[in-house]
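Some notes on the structure that comes next.
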Amino acid sequence: MSQQKVDRYKKEKYSRKQQLQKEKRQLLIYRIAGGIAAIAIVGWIGFSVYSRVEENKPVSYTEVSLDAISEYMSTQIQN
């Protein structure tokens, strides 16, 4: 091998550990970002489904007659 190849090999060997750490860091960042994106997408889909279900849910109303209470209160005020 020529001296240039030997020097290049030594340089690559010296920086191999740092290069592997950098690659592992980048892989971790990509995994975290992908996980956050997946959680956001699943949350958005879940919220959309929930809002559609709530939108189509029948609404029931209950009427309350307050006549008896009004009569009772009016008798209490007069006494």
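FYI, side chains are in, hydrogens and waters are out, and symmetry mates aren't considered; it's all heavy atoms of this structure.
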Show me the donor-acceptor pairs, under 3.5 Å and distance only, between side chains in residues 11-23 and residues at least two apart or in other chains.
{"unit_1": "Ser15", "atom_1": "OG", "unit_2": "Lys11", "atom_2": "O", "d": "3.1"}

Which donor-acceptor pairs under 3.5 Å do the side chains of residues 44-63 make with protein atoms, sequence neighbours left out?
{"unit_1": "Ser48", "atom_1": "OG", "unit_2": "Trp44", "atom_2": "O", "d": "3.0"}
{"unit_1": "Ser51", "atom_1": "OG", "unit_2": "Phe47", "atom_2": "O", "d": "3.2"}
{"unit_1": "Ser51", "atom_1": "OG", "unit_2": "Ser48", "atom_2": "O", "d": "2.9"}
{"unit_1": "Asn56", "atom_1": "ND2", "unit_2": "Arg52", "atom_2": "O", "d": "3.3"}

Share the residues that join Ile36 in a hydrophobic cluster, the rule being Ile, Leu, Val, Met, Phe, Trp or Tyr side chains under 4.5 Å apart at the heavy-atom level.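 Cluster partners of Ile36: Leu28, Ile32.
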
